[in-house]
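Working notes for the structure below.
We name chains A, B, ... by the order of the sequence lines, and we start the count at 1 in each one. As the structure is a prediction and not an experimental result, all values here were calculated from the model.
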Amino acid sequence: MDKNFYITTPIYYPSAKPHMGHAYSSIIADFFARFKRINGYKVFFLTGTDEHGQKIQRAAESQNLKPKVFCDLISKNFQNLSKTLNLTNDDFIRTTEKRHFKAVNSLWKKLEENDEIYLSKYSGWYSVSDEAFYSDDEIEIVNNIKLSKSSGSKVEWVEEESYFFRLSKWQNKLLDFYNENPNFILPESRRNEVLSFVKSGLKDLSISRKSLKWGIKVPSNENHTIYVWLDALTNYLSALNYPDTSNNLYKKFWPASLHLIGKDILRFHAIFWPAFLLAANIKPPKKVYGHGWILSGEEKMSKSKGNILDPMDIIKEYGLDPLRYYLIKEVSFGNDGNISRDQLVKCINSDLANNYGNLCQRVISFLDKNLKLEVPNKYNLTIEDNNILNNFKENYNNLLNEIDNQNINYYINFIVNQLFSANKYFNDQEPWNKKDDLERLNTILYVSLELIRKISVLLYPIIPDTSLKVLSIFDINETDLSYESILNNDFLKPKAKLKKIGILFKKIEKND
RNA sequence: GGCGGGGUAGCUCAGUUGGUUAGAGCGCAGGACUCAUAAGCCUGAGGUCAGUGGUUCGAUCCCACUUCCCGCUACCA
């Protein structure tokens with residue numbers, strides 16, 4: 001079995017500051033990276049910034065900065081975001097780096113060599129004020145003047161020399177590829193969209209611009225700049241040192257296991273990207289998952305509505321792990337999700353403080369007051385003891401499968417159920433009434449500690465800081481962590497000293 | 001317009017390859033307990049599973065129609 005796992009976030013366009021959507025993609029990707037690592041995989045987790053294009057060029061000019069200098073500044077915002085989110089990314093790629101330039105150059109040449117590129121003319125109805133091209137059915141004629149239907153602005157016929165990629169030729173091969181790889185595009189609804197789009201017919205794709213200056217030049221023609229998407233998508237290869245396909249990174253990690261993206265950039269990843277790669281004799285990635293958007297209330301977040309929840313602000317106010325937990329638990333993965341302060345607070349209080357935090361607190365505190373602060377001895381296990389401990393064993397493979405299908409809600413729901421069970425177990429066993437039966441008392445506490453340990457291992461990909469803090473009670477650190485260890489019911493060694501930790505999550509009082 | 005997805009408890013969402021009392025969490029009400037962050041546990045209230053019609057012994061799940069919402073319908077990304 002393939003024990004290598006290559007996961008990517010989109011590379012972010014840094015012209016605006018990081019928002020909740022960026023944070024979401026990154027956190028989900030980090031979840032998978034961390035889970036795979038504790039499950040024994042060699043993981044390569046990549047994120048980065050997409051720094052070419054007109055918007056960046058203009059923004060730089062407006063500040064009287066050279067584009068590269070400007071990019072160095074704004075890319076920092078996203079590098080900082082990665083740190084703030086506690087991402088375990090192995091690399092951070094920037095499209096203005098030399099290694100990326102080399103990769104794009106080579107890919108272009110390879111496509112040219114394979115006769116997948118030709119020079120022609122791009123033409124269409126162009127609106128100067130909208131800076132956009134429109135197709136025939138997007139324009140209307142009013143008083144003999146051609147206007148854009150959507151914006152109402154004047155359009156004129158423009159022709160520009162451009163290189164084209166022979167996308168049309170790949171239509172059937174793509175359809176074959178989708179058929180042979182039914183999980184290539186997920187979720188299924190997105191796959192349907194892509195299939196119907198490709199079936200409706202693909203036109204050749206313009207992949208260079210004469211007007212664009214800030215970007216990578218076409219190798220054989222300095223007058224042209226490579227289309228930003230061909231440029232950007234190649235980042236997934238450049239981080240593995242493509243075109244050097246004999247180096248270790250490339251050999252181990254290509255094709256990518258999972259490109260995690262927002263649904264808005266599905267087409268580029270699910271159609272153009274595999275087509276470019278197939279045309280260059282490179283294997284396409286194994287899976288592209290288009291997740292939903294994070295909304296605030298019923299509406300998309302917008303400045304004018306004043307309903308923007310800035311991830312940095314939220315983290316400052318409530319902490320990182322609560323945000324990670326919330327986004328992973330409360331958003332139905334694949335669909336759009338809502339975030340609000342109100343829901344976040346409820347989630348922190350009930351799940352993290354009352355359920356998980358309090359479980360740890362009541363068990364450790366009980367040990368501290370009634371036994372020694374060390375792992376108790378374990379005596380005969382009752383049916384209840386065995387049942388609750390073996391829940392993990394029974395669901396071990398199941399959880400692996402669900403993760404491989406990106407069913408992260410299943411995974412976290414399993415954890416929450418175990419938390420309820422553990423609290424119920426402690427309640428039902430009433431250790432406070434067992435002070436005259438020390439063997440039973442010890443056993444109850446042993447089992448409770450094992451439950452806390454197992455649950456905390458499972459929580460590691462979701463709330464890593466907190467999980468590690470709890471595991472530090474048992475002197476388990478990050479490098480020792482393994483998913484497999486939840487199978488073990490005798491992991492903790494009696495007499496081992498336990499560390500005391502404070503309150504994990506403070507409850508948040510409601511203001512209103 | 002075409003294609004696709006959806007409307008399930010006050011809220012956020014699961015689920016049903018058609019079959020006895022439709023699920024979870026939060027919120028709400030009541031109870032027993034006390035180790036714990038007034039946390040945890042138990043019980044309960046609350047749903048004509050969008051509407052109408054059809055297929056069927058039986059539909060929330062299949063079909064048709066109606067209505068509402070959302071996505072895709074290529075080169076800003």
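- Of the candidate nucleotides U12(B), A74(B), C3(B), U12(B) has the atom lying nearest to any side-chain atom of N338(A).
- OP1 and OP2 of U12(B) both lie 4.0 Å or more from every side-chain N or O belonging to S332(A).
- One can place CG of L359(A) at 16 Å from P of C35(B), the figure rounded to the nearest angstrom.
- Applying the 4.0 Å criterion to OP1 and OP2 of A14(B), one finds that N335(A) has a side-chain N or O inside that range.
- A distance of about 31 Å separates the C1' atoms of C13(B) and U55(B), rounded to the whole Å.
- Both distances falling under 3.5 Å, in either a Watson-Crick or a G-U wobble arrangement, occur for no nucleotide opposite C61(B).
- The side chain of K346(A) has C26(B) as its nearest neighbour among G25(B), C75(B), C26(B).
- In the set C35(B), C13(B), C72(B), C72(B) carries the atom at the smallest distance from any side-chain atom of E193(A).
- Among the protein residues, V228(A) comes within range of the sugar-phosphate backbone only, with heavy atoms under 4.0 Å from sugar or phosphate atoms but none that close to a base.
- Between G40(B), U37(B), A74(B), one nucleotide has an atom nearer to the side chain of I503(A) than all others, and that is U37(B).
- Side-chain proximity of W229(A) to C41(B), U37(B), A77(B): nearest is A77(B).
- Taking the side chain of F197(A) as heavy atoms from C-beta on, and the options A77(B), A74(B), C35(B), the nearest nucleotide is A74(B).
- Rounded to a whole Å, the CZ atom of F268(A) is 7 Å from the C1' atom of C75(B).
- Taking side-chain N and O atoms only, Q343(A) has no distance below 4.0 Å to OP1 or OP2 of U12(B).
- The nearest whole Å value for the distance from the OH atom in Y325(A) to the P atom in C26(B) is 10 Å.
- The partner of G1(B), taking Watson-Crick or G-U wobble pairs whose two distances both stay under 3.5 Å, is U73(B).
- Nearest-nucleotide mapping onto RNA chain B: of K329(A) and L419(A), the residue sitting toward the 5' end is K329(A).
- One finds no side-chain N or O of K369(A) lying less than 4.0 angstrom from the OP1 or OP2 phosphate oxygen of C35(B).
- One interatomic measurement links the two molecules: CZ of R341(A) to C1' of C11(B), which rounds to 19 Å at whole-angstrom precision.
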Next on the checklist: Using the rule given for salt bridge (charged side-chain N to carboxylate O under 4.0 Å, His left out), can you reason through E160(A) versus K210(A), listing the C-alpha separation, both sets of side-chain angles and the distance that settles it, and then say yes or no?
Outcome noted: CA-CA 8 Å; E160(A) 188 182 287; K210(A) 270 186 118 167; over 6 Å; no
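- Pairing for C26(B) goes to G10(B), judged as Watson-Crick or G-U wobble with the two contacts each under 3.5 Å.
- Comparing C42(B), G40(B), G25(B) by their nearest atom to the side chain of N423(A) picks out G40(B).
- When heavy atoms are screened at a 4.0 angstrom cut-off, N370(A) is found touching no nucleic acid atom at all.
- Taking the charged nitrogens against the carboxylate oxygens, K346(A) and D351(A) have no contact shorter than 4.0 Å, which rules out a salt bridge.
- Here C75(B) presents its C1' atom at 9 Å from NZ of K203(A), a figure rounded to the nearest Å.
- Taking the charged nitrogens against the carboxylate oxygens, D465(A) and R324(A) have no contact shorter than 4.0 Å, which rules out a salt bridge.
- Taking atom CG on D264(A) and atom C1' on A77(B), their separation rounds to 8 Å, with Å as the unit.
- With hydrogens and angles ignored, no donor-acceptor pair under 3.5 angstrom links the side chain of N354(A) to the base of A39(B).
- Remark: K68(A) NZ is packed, more than 12 non-hydrogen atoms of other residues, nucleotides or ligands lying under 6.0 Å away.
- Across all strands shown, G201(A) has heavy atoms under 4.0 Å from base atoms, whether or not it also approaches the sugar-phosphate.
- For the 3.5 Å distance criterion, the side chains of H291(A) and S25(A) qualify, holding a donor opposite an acceptor.
- Considering only side-chain atoms of F272(A), the nucleotide from A14(B), A74(B), G25(B) that sits closest is A74(B).
- Remark: U56(B) base-pairs with no nucleotide in the shown strands. Criterion, Watson-Crick or G-U wobble with two distances under 3.5 Å.
- Within 4.0 Å (heavy atoms only), Y227(A) reaches sugar-phosphate atoms of the nucleic acid but no base atom.
- Under 4.0 angstrom from either OP1 or OP2 of A39(B) there lies at least one side-chain N or O belonging to K507(A).
- For U16(B), there is no paired nucleotide, since no Watson-Crick or G-U wobble pair has both relevant distances below 3.5 Å.
- Residue L202(A) is in base contact, counting any heavy-atom pair closer than 4.0 Å across all strands shown.
- Checked by atom type, the side-chain pair Q79(A)/S82(A) shows no donor-acceptor distance below 3.5 Å.
- Between the P atoms of C65(B) and G46(B), the separation comes to 37 Å (whole Å).
- The base of G40(B) is not paired with the side chain of N358(A) by any donor and acceptor separated by under 3.5 Å.
- S206(A) comes within contact range of at least one nucleobase, with a heavy-atom separation under 4.0 Å.
- The listed nucleotides are U34(B), A74(B), G71(B); the one nearest the side chain of W432(A) is U34(B).
- Taking atom P on both C26(B) and U67(B), the two are 40 Å apart, rounded to the nearest angstrom.
- RNA chain B is contacted by both Y356(A) and N192(A); N192(A) maps to the nucleotide lying nearer its 5′ end (nearest heavy atom per residue).
- Salt bridge absent: R166(A) and E116(A) never bring a charged side-chain N and a carboxylate O closer than 4.0 Å.
- In this structure, CG of L205(A) is placed 14 Å from C1' of A77(B), rounded to the nearest angstrom.
- Across U37(B), C13(B), G40(B), the shortest atom-to-atom separation from the side chain of L504(A) is found for U37(B).
- For the residue pair S189(A) / E193(A), no side-chain donor-acceptor distance below 3.5 Å is found, with atom types taken as modelled.
- Rounded to a whole Å, the CH2 atom of W273(A) is 24 Å from the P atom of A74(B).
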